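Single-structure report; data block below.
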There are 2 protein chains.
Amino acid sequence: MTVSSNGVPLARLFAIAYRMMIAGLHERLAERGWTGVRVSYGFVLLAARDGGIRGTDIAALLGVSKQAASKLVDGMRDAGYLAREPDPDDERAKRVVLTDRGHALLTAVEQIYAELESDWAALLDEGAVEAMRADLTNVLEHAHDGRLPTITPP
Amino acid sequence: MTVSSNGVPLARLFAIAYRMMIAGLHERLAERGWTGVRVSYGFVLLAARDGGIRGTDIAALLGVSKQAASKLVDGMRDAGYLAREPDPDDERAKRVVLTDRGHALLTAVEQIYAELESDWAALLDEGAVEAMRADLTNVLEHAHDGRLPTITPP
DNA sequence: CACAGAAGTCAACCTGGTTGACCAACTTGA
DNA sequence: TCAAGTTGGTCAACCAGGTTGACTTCTGTG
């Protein structure tokens, strides 16, 4: 795709970049013994990290049905990353919380992200990664009423 | 995800950005009467634009099996965007080429991408979009032996 | 208090992938 | 030259991760 004189469309570049980073993440996770980890796990772990999250909130944030979210939580619970607890505020509901194993996985993910970004920084000019982050954050927050959506894997 | 002191991980930002741009693309396509368009269509149309492409090459580029690629081509043919022709160089093979309707869709996609990027440019400093494009291109080319992969939706 | 709506689960279904199998055509090395 | 291995595409069966529908229990509101 060559668009006017502006080069490769940003959407393509984001797609490739995202896919490349995710591939790098999962490769390095596997090297550290974390296997069978799906892309959405990281996003769910992040959202549930502080005090847990409800199934319906996971569904909303991932943009899927509550049934799909429930299945995903089932899988993560079976893998030992999450546990379900009663929600103290509502007898219908459950909160999904991180297990120790879930915390450990999330820590590994964060470390690897830092490594990957260091790799990028080594290839670009001083401060370019931070500038990119700021610009992306700026546009995305503008598009979402001032706040990044919490969790959105493509 | 808060990574060290470096803010939101780039991978998340790319995911959100990509998803947002694709959503914008498909929303604007629908406004122009293009409905039922899947994300991968644009990538296939681009790859097939100049002289067509083989089914196995689509499979390779999309990172899917040849059967999956064949199904995708079936769908796009049925929707009127592609046609299959014999490959003059190999009796086993077929080339997938764009129909007029396929060319028109690709043109619409490119126009919308340009619009979306103008929206971004309006929110950022002078030249920031081009700097981001250059930086992304730089890193991604470095990671792929000097050439961007042709086609990779997540 | 009645009722509409919400949270989660069960069940059936669907879509876009997968693998396996197959046949015709092509390529390669002896 | 030719046999064997490989390749391109299609058919078929299967699967994972979604979907929708239905249901029960609980909550909030008028």
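Convention: sequence-line order gives letters A, B, ...; per-chain numbering from 1. All figures in this text were calculated on a predicted structure; none of them were measured in a lab.
- For Asp100(B), the CG atom counts as loosely surrounded, since its 6.0 Å shell holds 12 or fewer non-hydrogen atoms of other residues, nucleotides or ligands.
- Taking 4.0 angstrom as the limit, Thr56(A) places a side-chain polar atom (N or O) nearer than this to OP1 or OP2 of dG8(C).
- With hydrogens and angles left out, the side chain of Lys94(A) and the base of dG8(C) share no donor-acceptor pair within 3.5 Å.
- One can place CZ of Arg77(A) at 13 Å from C1' of dG8(C), the figure rounded to the nearest angstrom.
- Phosphate contact (OP1/OP2 of dT18(C), side-chain N/O of Ser65(B), threshold under 4.0 Å): present.
- Here Trp120(A) and Tyr113(A) keep their ring centres 6.0 angstrom or further from each other.
- Comparing Glu91(B) and Arg38(B), the nucleotide of DNA chain C nearest to each residue sits closer to the 5' end for Arg38(B).
- Rounded to whole Å, the distance from NZ on Lys66(B) to P on dG17(C) is 17 Å.
- Side-chain proximity of Asp90(B) to dT18(C), dA25(C), dA7(C): nearest is dA25(C).
- Results of the side chain to side chain contact (heavy atoms under 4.5 Å, CB included) test with Leu45(B) over Val37(B), Val109(B), Thr107(B), Leu82(B) single out Leu82(B) as the only residue that passes.
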Query raised in the report: Does the salt bridge (charged side-chain N to carboxylate O under 4.0 Å, His left out) test come out yes or no for Arg77(B) and Asp74(B), once each step is laid out?
Result: CA-CA 5 Å; Arg77(B) 181 206 53 206; Asp74(B) 282 347; 3.7 Å; yes
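- Between Gln67(B) and Leu72(A), it is Gln67(B) whose nearest contact on DNA chain D lies nearer the 5' terminus.
- Glu85(A) places its CD atom 13 Å from the P atom of dG8(C), with the value rounded to the nearest Å.
- Once you apply a 4.0 Å limit to the heavy atoms of chain A, the touched nucleotides of DNA chain D run 5' to 3' over dG17(D) to dT27(D).
- If you check distances only, the side chain of Arg92(A) does reach the base of dA6(C) with a donor-acceptor pair under 3.5 Å.
- The residue Ala93(B) sits close only to the backbone: its heavy atoms come under 4.0 Å of sugar-phosphate atoms, none of a base.
- Of the candidates Arg92(B), Arg54(B), Lys94(B), Arg54(B) is the only one forming a side-chain hydrogen bond (donor to acceptor under 3.5 Å, both in side chains) with Asp87(B).
- When every heavy atom of Val8(A) is checked against every heavy atom of Glu117(B), the shortest pair comes out as O-OE2, 4.4 Å.
- Summarising the geometry, the separation between NZ on Lys71(B) and P on dC14(C) is reported as 14 Å, rounded to the nearest angstrom.
- Under 4.0 angstrom from either OP1 or OP2 of dG8(C) there lies no side-chain N or O belonging to Arg54(A).
- The salt bridge (charged side-chain N to carboxylate O under 4.0 Å, His left out) test applied to Arg28(A) returns Glu115(A), Asp119(A), not counting sequence neighbours.
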